[in-house]
There are 2 protein chains.
Amino acid sequence: MEKRATIKDVAEAAGVGVATVSRVLSGGSASPRTRERVLAVAAQLDYRPSALGRNLRQRRTGGMGLLVPDLTDTFHAQLAEGVLACARSAGEPVLIGSTAGDPEQEAELIGMLLEQSVDRLIAVPTGDEDTWAPALRAGMTVVFADRLPARPSPEDDDPAAVAVNDLRVLDGLSPARPAPVRALDVPSVVADDRAGIRTAVRYLRGLGHKRIAFLGGPGHDRRAAAFGEAVGPPVDEDLVVFGTGSRDSAYAAASGLFQSRPDLSAVVAAGNVLGEAAVLAARELDLRVPRDVSLVMYDDVPWAELCAPPLTVIAQPGRDMGYRAAELVLRSGPRRPRSVVLPTELIIRGSCGPRR
Amino acid sequence: MEKRATIKDVAEAAGVGVATVSRVLSGGSASPRTRERVLAVAAQLDYRPSALGRNLRQRRTGGMGLLVPDLTDTFHAQLAEGVLACARSAGEPVLIGSTAGDPEQEAELIGMLLEQSVDRLIAVPTGDEDTWAPALRAGMTVVFADRLPARPSPEDDDPAAVAVNDLRVLDGLSPARPAPVRALDVPSVVADDRAGIRTAVRYLRGLGHKRIAFLGGPGHDRRAAAFGEAVGPPVDEDLVVFGTGSRDSAYAAASGLFQSRPDLSAVVAAGNVLGEAAVLAARELDLRVPRDVSLVMYDDVPWAELCAPPLTVIAQPGRDMGYRAAELVLRSGPRRPRSVVLPTELIIRGSCGPRR
DNA sequence: AATCATGATGGAATCGTTTCCATGGAGAAG
DNA sequence: CTTCTCCATGGAAACGATTCCATCATGATT
């Protein structure tokens with residue numbers, strides 16, 4: 001275990017000041033002669049600047065944070081791979097956290113990133129805008145991917161709560177009541193959910209399906225809204241069900257849906273975990289796909305093709321989304337685009353058939 | 001964007017010295033009276049110690065690194081979830097990197113972690129022992145998961161290379177020739193590959209299969225060896241093929257295997273990506289599973305059950321492996337166990353049948 | 001030849017924390 | 001009453017980089 005050379009060692013060995021070494025290494029101005037000698041000495045000593053000193057001085061940790069609900073959801077894994085690919089090519093480290101779809105854990109992880117002074121963050125958000133307010137207020141550059149945070153629950157505008165806040169302000173110890181931070185102002189990279197869902201619904205309609213169900217999870221509000229829009233009013237609310245994020249709850253939701261509404265003939269699953277659950281639940285209930293029920297799943301994952309039958313999917317470019325999000329968060333210029341919307345594609349395989 | 005309170009602010013507001021604040025917050029000795037006041041003030045100022053200062057002072061970044069070949073490999077995603085779960089409950093950050101099965105990228109990521117002064121690392125290694133020497137020599141606490149690095153290629157013991165090294169030592173600028181670092185001394189968490197493979201081979205033998213092939217990827221040497229042992233000599237070398245890690249190469253390897261050896265009747269795939277490739281290749285070649293060819297796949301992944309037919313698998317506890325590895329790397333006591341071997345389980349579904 | 005502009009250079013401050021060490025006071029033991 | 005011990009406490013020195021600023025040399029301009 002050998003200890004690493006510091007900038008001081010390099011400076012001494014090269015007979016120059018530390019400031020000069022720093023300038024040479026970070027591309028500042030220096031005479032060719034000095035530059036050459038410093039570089040030579042640095043190479044000989046195998047000097048690598050410590051991120052620790054730099055971070056402290058600049059009061060920020062380089063790299064970026066990445067928060068996803070669950071890596072075993074293949075789509076999130078694809079997205080993460082995209083982020084990692086971009087970060088790798090930029091030489092930036094990535095701090096990752098998995099929120100398990102729980103706003104509380106998400107808030108904790110945000111706190112941890114704040115403590116680490118990570119000021120760039122890519123997130124597939126789970127909590128609502130209130131969960132994200134601390135991060136934004138702290139000046140983090142946030143990019144949302146795949147989804148946007150929901151609007152906060154109204155209880156926080158409760159007059160009583162305001163009163164409490166005001167009292168604490170008068171106390172002089174608590175920070176002033178924060179200005180509301182709109183997550184809407186945060187750039188994002190999402191798929192064109194409206195078009196994706198609309199295409200899927202039209203496709204199913206074209207096959208003769210009338211009673212189409214929607215199976216969603218946390219964060220799929222946009223897709224649910226798009227679904228409602230696509231099927232058009234009146235929306236049969238019983239045909240729109242949600243799981244809470246775990247595989248178990250997805251299965252329960254799918255199974256409950258099939259049992260409570262035997263009249264449905266097609267299902268749109270808003271994510272691959274939900275699609276998986278739908279296939280399992282249908283099989284358990286002896287519903288055959290696509291004879292008894294047609295299925296369209298969000299996310300094109302490698303195993304969709306291996307399924308029996310191969311699943312018709314709404315593909316969204318997970319890896320690209322991650323890569324683009326990482327690019328956005330790295331080049332956080334002022335003329336940053338508000339949000340990037342990537343196209344989806346309906347890939348027809350074998351899980352949809354005509355209405356029986 | 002409000003700036004965070006520092007320890008100095010807390011000290012001033014509480015009327016004590018910074019040393020006292022630090023002690024109170026990190027559990028040192030202090031009078032109850034002072035402790036109470038410091039805690040109260042810290043809470044009121046919403047003070048959170050910056051990891052930056054602490055890291056620099058302690059010359060180490062907290063948390064741990066995690067290096068996996070590919071997150072879209074569901075097994076690695078499970079493993080990563082295990083690591084994240086343990087890290088979360090310990091409140092430690094995780095720096096993640098994906099190596100794409102490329103030793104060079106792995107070496108780069110190790111360098112990046114070194115630069116960040118991350119001194120704890122969990123890795124599903126891709127490169128050989130030489131790739132890992134720098135990390136170990138720098139004093140990193142490394143835990144390997146799922147696999148161990150291969151022995152280095154012999155060219156590095158080339159006398160010429162030694163001579164060059166010696167010259168550089170005489171030069172007085174290069175570090176002394178490093179003592180060889182055996183990856184064998186590094187703790188690890190792996191599945192009981194020998195038992196897993198043996199069970200699978202015996203099962204296939206029991207179904208009457210004689211010509212059993214092995215389909216592996218990078219890092220599957222142990223499994224390949226276990227396979228050779230299980231089928232017993234003489235091993236038909238043509239029945240043992242390897243892909244390079246990507247899905248394309250896995251598909252090519254599987255397809256090539258089926259085409260070059262139409263006489264084989266069963267395949268053991270050493271990982272889920274390879275199993276996926278085997279299913280696709282078989283389908284493309286109109287080989288039916290399990291009628292024409294039986295398949296056992298390493299890794300129990302959620303989609304194995306959705307496959308047509310559902311895949312018989314050698315299950316290994318990916319999430320547990322990650323969790324245990326994280327525990328090991330965090331409690332790096334001297335009486336750390338050398339290595340943890342977790343059991344595998346053969347889960348029989350529908351992808352194996354009697355020899356046709 | 002004197003003055004000015006330019007650019008290279010190094011010393012020192014700084015970032016926020018932990019930790020070493022000296023100091024002071026209180027209580028115990030003599 | 002004295003001395004000794006122990007503990008709480010705060011000042012200051014690290015940690016390793018970046019960056020401000022003053023200095024100095026060189027070459028150009030008047």
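Computed from heavy atoms alone, side chains included, the values below leave out hydrogens, waters and symmetry copies. Chain naming here is simple, since letters A, B, ... match the order of the sequence lines and numbering starts at 1 in each. Everything quoted here is computed from the prediction, not taken from an experiment.
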Given C:dG16, C:dT19, D:dG16, which nucleotide is nearest the side-chain atoms of A:Arg59?
C:dG16
Euclidean distance, atom CD of residue A:Glu36 to atom P of C:dA8 [Å, nearest integer]
16 Å
Scan B:Ala30 against the nucleic acid and name what it touches under 4.0 Å (heavy atoms): base, sugar-phosphate only, or nothing.
sugar-phosphate
Side chain of B:Arg57, base of C:dT17: donor and acceptor closer than 3.5 Å?
no
OP1 or OP2 of D:dA8 less than 4.0 angstrom from a side-chain nitrogen or oxygen of B:Thr34, does that happen here?
no
Distance, rounded to the nearest Å, where A:Arg33 contributes CZ and C:dT9 contributes P
9 Å
Please determine if B:Glu108 and A:Arg88 form a salt bridge, counting it only when a charged side-chain N lies under 4.0 Å from a carboxylate O.
no
Under 4.0 Å between any heavy atoms, over every strand shown, what does B:Ser31 touch: base, sugar-phosphate, or nothing? Just pick one.
sugar-phosphate
Euclidean distance, atom CG of residue A:Leu52 to atom C1' of D:dA14 [Å, nearest integer]
14 Å
NA contact type, A:Ile7, heavy-atom cut-off 4.0 Å: base, sugar-phosphate, or nothing?
base
Once you round it to whole Å, what is the distance between P of D:dG16 and CG of A:Leu45?
15 Å
If you define the side chain from C-beta out and look only at heavy atoms, does anything of A:Trp132 sit under 4.5 Å from A:Pro103?
no
Atom-to-atom span, CD of B:Gln58 to C1' of C:dT19 - whole angstrom:
10 Å
Any donor-acceptor N/O pair, A:Ser26 side chain to A:Ser22 backbone, under 3.5 Å
yes
Nearest whole Å is fine: how far is D:dA17 P from B:Gln116 CD?
13 Å
Would you say the side chains of B:Ser98 and A:Glu81 form a donor-acceptor pair under 3.5 Å?
yes
Comparing nearest nucleotides in DNA chain D, the 5'-proximal residue of the pair B:Gly17, B:Leu56 is B:Gly17
Want to settle it: does B:Tyr47 or A:Ser29 sit nearer the 5' end of DNA chain C, counting the closest nucleotide to each?
A:Ser29
B:Ser22 side chain: which of C:dA8, C:dA12, C:dT18 is closest?
C:dT18
For B:Arg60 and C:dT18, what is the distance between atoms CZ and C1' respectively, to the nearest whole Å?
13 Å
Taking the side chain of B:Arg54 as heavy atoms from C-beta outward, which of C:dT18, D:dT19, C:dT19 is closest to it?
C:dT18
Is any side-chain heavy atom of A:His76 closer than 4.5 Å to one of B:Leu71?
no
Counting side-chain heavy atoms from CB outward, which of D:dA8, C:dG16, C:dT9 is closest to B:Ser50?
C:dG16
CZ of B:Arg4 versus P of C:dT17: gap in Å, rounded?
8 Å
Look at the side chain of A:Arg23 and the base of C:dG10, then say whether one donor and one acceptor between them are separated by less than 3.5 Å.
yes
